[in-house]
Amino acid sequence: MGKSATTSDVHALFHSLRSAYAATANHLKIIDLYIVFAIVTAVIQVAYMAIVGSFPFNSFLSGVLSCVGTAVLAVSLRIQVNKDNKEFKDLPPERAFADFVLCNLVLHLVIMNFLG
Amino acid sequence: MARDLGILIIAVLVLAATCESAVLSPVSESHRSAALELFSPADGSYGSLEETYEALKTFKVLGIEKKHDIRTSSCASVADTLKSTSSALKDFVDALRVNSILKCELNSEAVRGTQSRFKDSLNGANSLIDFYYSIGGLVLLKEQMSEVDVNLGDADRIFRSIKALGQSDGRWRLSSNNPESSNNAAGIALEALAGVISLATPQIGNSLITTLKNDILKLFDGIERYDDGTYYFDEKHVGARGHQSPLSSSASVVRGIAAVAAATSETLNLPGEKILGLAKFFLGVGVPGSAQDLYHQIDALSYLENIRQVLWKLTFFRALYNKAHPDLKIYSSDLDFVAALVRVSTVLGSPAPTLSVRLMQIFVSGSKDASVIDQELKFDAVSGMHVLETLPKNIDVGSYVFSFEVIFHNPEHKKTYVSGGRTRVLVHITGVIKIDNAEIVILDGDRGSVETQKKLKLPGDNTVALSANHLQKLRLSFDLSTPFGNAFKPHQAFLKLRHENGIDHIFLVGNSGKKFEIILDFLGLVEKFFYLSGRYNIQLTVGDADMENSFLQPLGFVELDLPDAPEKATRPPPQAVDPYSRYGPKAEITHIFRAPEKRPAKELSLTFLGLILVPFFGFLAGLVQLGANLKSFPKSTVPSTFAILFHLGIAAVLALYALFWLKLDLFTTLKALGLLGMFLMFVGHKTLSHLASTSSKLKSV
């Protein structure tokens, strides 16, 4: 009885989350997708390292940090672009995007250097 | 310029004990072949006229017919030099010198032009070199072109101005500014002064010529000498013309003296010993290695030849001597074999006048006493050599010094020739030395009785095996005698005992008369041998320069039984380590490297590579699903170009990163990145501001 209640609660929760999420703006969804893509890539790299060992450790770190870093930048982009966010009301989204691009380029320069 | 010089030389000086002259050979075929080799022209000519002159003069003196036909090119060069107005004075003089030997046909116009050049420069000359070249040129002109009039205007003044550069020690300075004087400059000055005298003889007073002769004598006071009687001129200072070697300085002085002697009709009294010493110096050089040195040597000898030196060429034919009497056994009064051949000639190798050579004394080498012989050598006209036919009776094996002297038949010759006084020659008479009664004996210490006695055959194979203890003595004895039965003391008579571990002990074998004996008392030698018992190899060495059968032989061994070393005894010296073992190559080192990390399998890596690409495609698929579009991509031309450039810029930066990873270094990348970044900034700003303005327009609307 409790179990079915929990399950149905979970289902209801899940359903509500999904519907709420569907309401978000498209561009935010794109950014979310990008973040998911980056994290999944990082996870795959970690799994590879778990299998073969961490011999060129700098390469591993570089790869993982590139994914994580770009995800973090995408998150900050999402925050800044989100219209519901009162803090960044006056910030034009293009400016935020420009920051995103610039920071990504710097991140990737560092990553390429560290890749070895 | 070979003229008959009437120089009077002081008569032969008898140089007795102090003069030890080496055997010098006069100019010979080796000089001629060296001249041909050193003075070989490079493609038809010798380079400068100076070198051409040196080559031609040397060939002329040595009597070599010029095999290289350089006459045409040299004459052409001479003619060119004389014609051109820009040649230096030295070039004119060199050209005229070459012409004096080659006798080319010259244009008289050009010659007259040079004459005026010489006269002008003579009037304006103030340094020794200027005087030398201008006067030398005029002398050569007078010699070669008799129709040319070369009168010196004021010969007296010129003479005095050259003399003013001279110094009190007989040397000359090159100019009044230059305080350094040299013998080389003295030679040049003497030649110049001789030229003045020959060009204007009636004008130069006798007093001036006398002072000139005094200057020459003063110059000779400054001559240097070696102990064997060789005299030479050397420079004390390094002059402005670089360092002059003794050869060139001495040659310069000899040229100067010869020129003065030729120019003055009077006689110069030069010390004969020094002239001979100079000749010895030039011959002592042997065959020089450079062309210029050969020129100096031959040139100077040609002048000295005219002073007529007499030199020696002594050849001892020991082989003939020994062939007749192989071991000096037969040595009786009926000697008719050749023992010594002496050839006497002048410095340049021309034959000497009639004279006789006498063997005056024979010294035993190393001692002062000598036997006076005074025996004349017979002259063999066929071979041109003086032959010593009979040796004195008491000559045995050993080293001797034979002292020879030259006697002129014609007393007039004494005035024009110089010989070296007594010439000493070192002679080795060698022979086979007899070794008799050789035996090695072990004696009992106290009583002296013989314990072991072994006879030895010397020189020959011997292997004696002896044994002794420290209380005994070892005695080795033998007799040495010459083929005539006299006692003979060799330079070396050593007995060596060598221990097994390599330590040597060497003893001298003493003698009394013919008998050589050494007694080794082991009791006294125990400490010297470092208390080492064991086998000692015995080796005997008897040798001398005059002994034909010198030997170094192992005789066998002796087993020595010595007491044990006490605590404080000296240790034997450490033996030399085999150098190869200490300094030779060491064993090869095999390096152990860290094992390389285990890399994953290739297939695994490729699989994961593919796996990495999957999320990317997932991303693209998600984008499509979300309905991402490019609707707000600017449509109009300018903004769209900017937008395209913006994206291209980003792509370019990413490509740069890829290139950076593949092969660039950080600095190049940063440089390129800076440029691209600025471009990107500009373009991006344009695009994004355009987008912002459109979206704000939409919002406001």
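For the atom pair CD1 of B:I612 and OH of A:Y48, the computed distance is 10.0 Å after rounding to the nearest 0.5 Å. Atom CE of A:M112 is separated from atom CG of B:L659 by 9.5 Å, given to the nearest 0.5 angstrom. Note that CG of B:L611 is 11.0 Å distant from CD of A:Q45, once rounded to the nearest 0.5 Å. With values rounded to the nearest 0.5 angstrom, B:L620 atom CG is found 8.0 Å from A:F37 atom CZ.
Contacts from residues 56-72 of chain A to chain B, taken as heavy-atom pairs separated by less than 4.5 Å, involve A:P56 in sequence order. Within residues 644-652 of chain B, the residues having any heavy atom closer than 4.5 Å to a heavy atom of chain A are B:F646, B:I650, listed by residue number. Using a 4.5 Å heavy-atom cut-off against chain B, the contacting residues of residues 86-104 of chain A are A:E94, A:F97, A:A98, A:V101, A:L102.
Applying the 6.0 Å contact sphere to CG of B:D564 captures no more than 12 heavy atoms from other residues, nucleotides or ligands. Counting heavy-atom neighbours within 6.0 Å of B:E559 CD, excluding the residue itself, gives a total above 12. No more than 12 heavy atoms of other residues, nucleotides or ligands lie within 6.0 Å of CD in B:Q292, so this atom counts as exposed by the packing criterion. Other residues, nucleotides and ligands contribute only 12 or fewer heavy atoms inside 6.0 Å of the CD atom of B:E527. For B:K528, the NZ atom is densely surrounded, since the number of other residues' heavy atoms within 6.0 Å is greater than 12. Taking a 6.0 Å sphere around CZ of A:F114, one finds it holds more than 12 heavy atoms contributed by other residues, nucleotides or ligands. More than 12 heavy atoms of other shown residues, nucleotides or ligands fall within 6.0 angstrom of atom NZ in B:K496.
Using modelled atom types, one side-chain atom of B:Y657 and one backbone atom of A:L105 make a donor-acceptor pair closer than 3.5 Å. Between the side chain of A:N113 and the main chain of B:L666, no donor-acceptor pair closer than 3.5 Å is present.
The contact between A:V106 and chain B is made entirely by backbone atoms, counting heavy-atom distances below 4.5 Å. For B:L673, the part sitting under 4.5 Å from any heavy atom of chain A is the side chain, from C-beta outward, and nothing else. Heavy atoms closer than 4.5 Å to chain A are found in the side chain of B:L670, but not in its backbone. Heavy atoms closer than 4.5 Å to chain A are found in the side chain of B:S695, but not in its backbone.
Residue with the most contacts toward chain B among A:V52, A:L115, A:L109: A:L109 (heavy-atom pairs, distance under 4.5 Å). With chain B as the partner, the residue from A:L33, A:V40, A:I111 showing the most heavy-atom pairs under 4.5 Å is A:L33.
By the salt bridge (Lys or Arg N to Asp or Glu O under 4.0 Å) test, B:D293 pairs with no residue at all, sequence neighbours left out.
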